[in-house]
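See structure below.
The structure displayed is predicted, hence computed values, not measured ones. Below, chain A is the first sequence line, B the second, and so on; all start at residue 1.
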Amino acid sequence: MLEKEYYPSKIEKKWFDIWEETKPYKADNNSAKPKYYALSMLPYPSGKLHMGHVRNYTITDVIARFKKAQGYNVLHPMGWDSFGLPAENAAIEHNANPQTWTLDNIAYMKTQLKKLGLSIDWDREATTCLPDYYKWTQWLFLQLYKKGLAYKKTAPVNWCKKCHTVLANEQVIDGKCWRCDSEVTKKNLSQWFFKITDYSEQLLGDLDKLDGWGDNVKTMQANWIGKSEGTILKFKVKEIEGLEIPVYTTRADTCYGITYLVVAPEYPDIEKLTTPENREAVENYRQNAKKLSEIERLSTERIKTGVPLGTHIINPFTGRVCPVWVADYALVDYGTGAVMAVPYHDERDFDFAKKYNLDMVQVVTGPDFEADKVYVNKEGTLINSGKFDGMKYEQAKKAISEYAIEQGFGEFKTQYRLRDWLISRQRYWGAPIPIVYCPDCGEVAVDEKDLPVLLPTDVDFSVKGKSPIETSESFRHTTCPKCGNTKAIRDMDTMDTFVCSSWYYMRYTDAKNDKECFNKEIIDKWMPVDQYVGGIEHAILHLLYSRFFTKALRDMGLLSFDEPFKNLLTQGMVLKDGSKMSKSKGNTVDPDEIYKNFGADTARLFILSDSPPARDFDWTDAGVEGCFKFICRVYRLYEKFQNNIKLDYNFDVKNLSKKDDDFVRQVHIAIKKITNDIQNEFQFNTVISSYRELTNTIYEYIKQENEINYDVLSFALLSLLKLISPVCVFLSEEIYASLGGKESIQELPWCKYDENLAKNSMITLIIQINGKIKDKIEVESDLENSKLEEIAKSAPKTAEFIEGKQIVKTIVVPNKLVNIVVK
RNA sequence: GCCGAUGUGGCGAAAUUGGUAGACGCACCAGACUCAAAAUCUGGCGUGGUUCACCCCACGUGCCGGUUCGACUCCGGCCAUCGGCACCA
């Protein structure tokens, strides 16, 4: 029996306990049903769930439940991205162990997730900071290492002083650390990299295959990879026999306009290229450039500076002798680190040439050319360019490049902006890099059978200025896996946490496997992920790294798919009072409070209402209450009729009264609308509108109690119950059980609708004269066009408007309108 | 500068993809129930005009123009907001 009133906390506690016992959400690796993999981006166990999590996981959960009801074998797992800096900082602050802090948080948040009623298969939980997981992260590192995709090199890398570690390029946002927002500097260090650049072309090209991704994310990735096609040209240095400076250009068409050359301050041959009388000035300039922060260096506002090196190159096209300068507007790690300068046709070169009074030669012209202004228009025509005069951009670029290739000083070159992924971190709380340095053998990989390389526990977290891991002497010293030398030492760095999260969705498919990372047959069965849901902030970082991992593992034969995530839904932010919820703004809402006061079903219902998933969602207290009231309204309906509802209702649609027939049609219309809205774009806001409409319709139907057909009413109420069951999971379960349902309502198949019944028997016919609405008439649906035309023409209002005029033509839209065009 | 997304009542939004603009809700207003309040129920709610009132009329989807019998929807040109990339040669 349902109680008189709806008490969410009581009902939800009851089902929470039952589900703990029965574990109803198992994904079956051997099912014959079609598979569906629904995935949420795994959370970082920061301590408490926030509303962004609630939104993310509710969306995925509703999708998972809907697909299950449609007959799919659904995989809906969850895990913890549990390595990372906050745990280590908390440990330093409280002199505790990062593992304790992390596992405590996980335990608490896991309960919060369960209270939210998520249909997760917890037996597949993956926790990246535990040895049974990071063992395989290390194993994957070794596979990449074997393939030459993990390598160590000394390079100027991004360094965050506050986090005391290096960062990948993707983790530097506007010259600042992605995590702590403090300024990033450059440091020369020997570090591990993953060779993601080997996959630049595939990562870019395969974006076209991702129909289920938004253009915004695809564009962001394409921008980040940054492909450009150009030419490398090699210029002989006049003063030094045998020395050449190669440059990369996409404007080979402007080669006749080169008047000087610029190299980056870090350019390798710069000392050779500097004449003794310029040495001091150049050295000063390079020292200054080093001091600049990334933000200053990359600012386009900055006034360009540079000094001449004293040497020259000869432009092979014109024979012109051009001075070589050093200037920090040339970047050492893009192209060749040197650029050809064509002041008349490049804004940067123009500014620089003006400032230092360097020569300018015009080689492109067009109707909008103005003397004394830079001209970058690609529509222009070549002049002063010898035999290439008169050509346009595309043609000239090709012809000049080909000429340079023929003459042996040029080659075509495709250039990417993407850099290799720096994965070393000078921190404790991460997966140790499984590499040993032996005095005899040098760099040696740890044997696979010796994995995992466990994190040491004898560390001092209070040390300043170095990684806590360095304080562990037991960890540092080891024996060489190759020669047994006992003087070997371990790599003291750990891996970027993004390495751990680049493959977690693969582990879920076979989470308990202690022999392999995952089984190939099983992963090929489940993958790719059918629907991935998460925040836009991972548009580049996590999503690009995961795509790289997938392609690399595919090439090793470990799996057989090209892309990990078939469909991607990037959910909007949860806002309150117009700004993002954050602790510092004090506008957060605690899920526990909502559970306590209104129940998780209210939270789930509200977070899906009002805004489509991809858009930002504004949290309002009034909105929560509105959803709670709606749930109460639904509950009262079942409470009132609990003794009249028949699970085995039966009626013949052909023998219904007009009122019952209309009512049944409304139910079919709702089923159709809700099914389509979930299926197509996960438009949960309109799904919830339809819940309300159907509920209102039912309330309308029961007004005349003596006219109620209880079979028809049962059909309506049971349909509504199933329709809301993916969203209001506790409520629907409680009601269905109290009505005598034997199984869980989640086990029932999704509602079916009849195409013929999913429309009204009467429609409103719109009558337009010259496209203006003049009248509306109720008519039967599905009438012939000729009949509709006849009705429209004989309507009393129509006569008024066509009086004395000539009918030019009549347009009939079936079941919609008739438009009479008159003159 | 290049690229992407968005722009509809006081607010969140909807519109079967060219066919009644504003569904559903929030807020607000009025009424019923109540000693009263809450809860619940009923009704109203784009702007302007006209009318005692019902009606009716005009305008209205960022701006300007176009295609069409008919445009939130398609085309051309702008503007604004948000996001990504950017001394990338």
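With a cut-off of 3.5 Å on both Watson-Crick or G-U wobble distances, the partner of rA23(B) is given as none. Across all strands shown, rU8(B) forms no Watson-Crick or G-U wobble pair with both key distances under 3.5 Å. Shown here, rC74(B) forms a base pair with rG66(B); the pair counts as Watson-Crick or G-U wobble because both key distances fall under 3.5 Å. The base-pairing partner of rA32(B), taking Watson-Crick or G-U wobble contacts with both distances under 3.5 Å, is rU40(B). Within the shown strands, rU47(B) is the pairing partner of rA58(B) under the Watson-Crick or G-U definition, both distances less than 3.5 Å. Both distances falling under 3.5 Å, in either a Watson-Crick or a G-U wobble arrangement, place rC2(B) opposite rG84(B).
A gap of 27 Å separates the P atoms of rG66(B) and rG4(B), to the nearest Å. Comparing the P positions of rU73(B) and rU6(B) gives a spacing of 14 Å, expressed to the nearest Å. Rounded to the nearest Å, the gap between the P atom of rU51(B) and that of rG65(B) is 32 Å. Nucleotides rU17(B) and rC72(B) are separated by 11 Å at their C1' atoms, to the nearest Å. rG22(B) and rG46(B) have their P atoms separated by 10 Å, given to the nearest Å. Comparing rU61(B) with rG9(B), their C1' atoms sit 10 Å apart, to the nearest whole Å.
Using a 4.0 Å heavy-atom distance criterion, D351(A) is classed as making no nucleic acid contact. In this structure, V339(A) reaches the bases: a heavy-atom distance under 4.0 Å links it to at least one base atom across the strands shown. Base engagement by A330(A) is indicated by at least one non-hydrogen atom pair under 4.0 Å involving a base atom. At a threshold of 4.0 angstrom between heavy atoms, the contacts of T620(A) with the nucleic acid are absent. Among the protein residues, N216(A) comes within range of the sugar-phosphate backbone only, with heavy atoms under 4.0 Å from sugar or phosphate atoms but none that close to a base.
For R419(A) (side chain) and A168(A) (main-chain N/O), no donor-acceptor pair under 3.5 Å exists by modelled atom type.
Comparing rC59(B), rG19(B), rC87(B) by their closest approach to the side chain of K772(A) singles out rC59(B). For N223(A), counting side-chain heavy atoms from C-beta on, the closest listed nucleotide (rA14(B), rC3(B), rC87(B)) is rC3(B). Candidate nucleotides rA89(B), rC24(B), rU20(B) were compared by shortest atom distance to the side chain of S228(A), and rA89(B) ranks first. Nearest nucleotide to the side chain of I773(A), out of rA13(B), rA21(B), rC24(B): rA21(B). Ranking rC69(B), rU16(B), rC85(B) by closeness to the I540(A) side chain, first place goes to rC85(B). Minimum atom distance to the side chain of R692(A) is reached by rG25(B), of the listed rG4(B), rG25(B), rA89(B). Looking at the side chain of D346(A), the nearest of the listed nucleotides rC69(B), rA14(B), rA89(B) is rA89(B). Taking only side-chain atoms of K816(A), from C-beta outward, the nucleotide of rA13(B), rU16(B), rA23(B) with the closest atom is rU16(B). Side chain of Y329(A), nearest nucleotide from rC87(B), rA27(B), rC3(B): rC87(B).
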Quick test: give all pairs of protein nitrogen or oxygen and nucleotides 40-49 of chain B nitrogen or oxygen below 3.5 Å, distance rounded to 0.1 Å.
from	atom 1	to	atom 2	distance (Å)
rC41(B)	OP1	R633(A)	NH1	2.6

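Centroid-to-centroid, the aromatic rings of F606(A) and F617(A) come within less than 6.0 Å.
Figure legend: cation-pi geometry between R633(A) and Y699(A), with NZ or CZ positioned under 6.0 Å from the six-membered ring centre and within 45° of its axis.
The base of rC69(B) has none of its N or O atoms less than 3.5 Å from a complementary donor or acceptor on the side chain of K809(A). A donor-acceptor contact under 3.5 Å is not formed by the side chain of T250(A) with the base of rA89(B). Between the side chain of Q768(A) and the base of rG19(B), at least one donor-acceptor pair of N or O atoms lies under 3.5 Å.
Taking only side-chain nitrogens and oxygens, Y334(A) comes nearer than 4.0 Å to OP1 or OP2 of rA89(B). Between N819(A) and the phosphate of rG19(B), there is no side-chain N or O to OP1/OP2 separation shorter than 4.0 Å. In this model, the phosphate group of rA15(B) is approached by a side-chain N or O of Q683(A) to a distance below 4.0 Å at OP1 or OP2.
Considering every non-hydrogen atom in both K176(A) and V184(A), the closest pair reads C-CG2, 3.7 Å.
Here rU8(B) is in the anti range [glycosidic angle more than 90° from 0].
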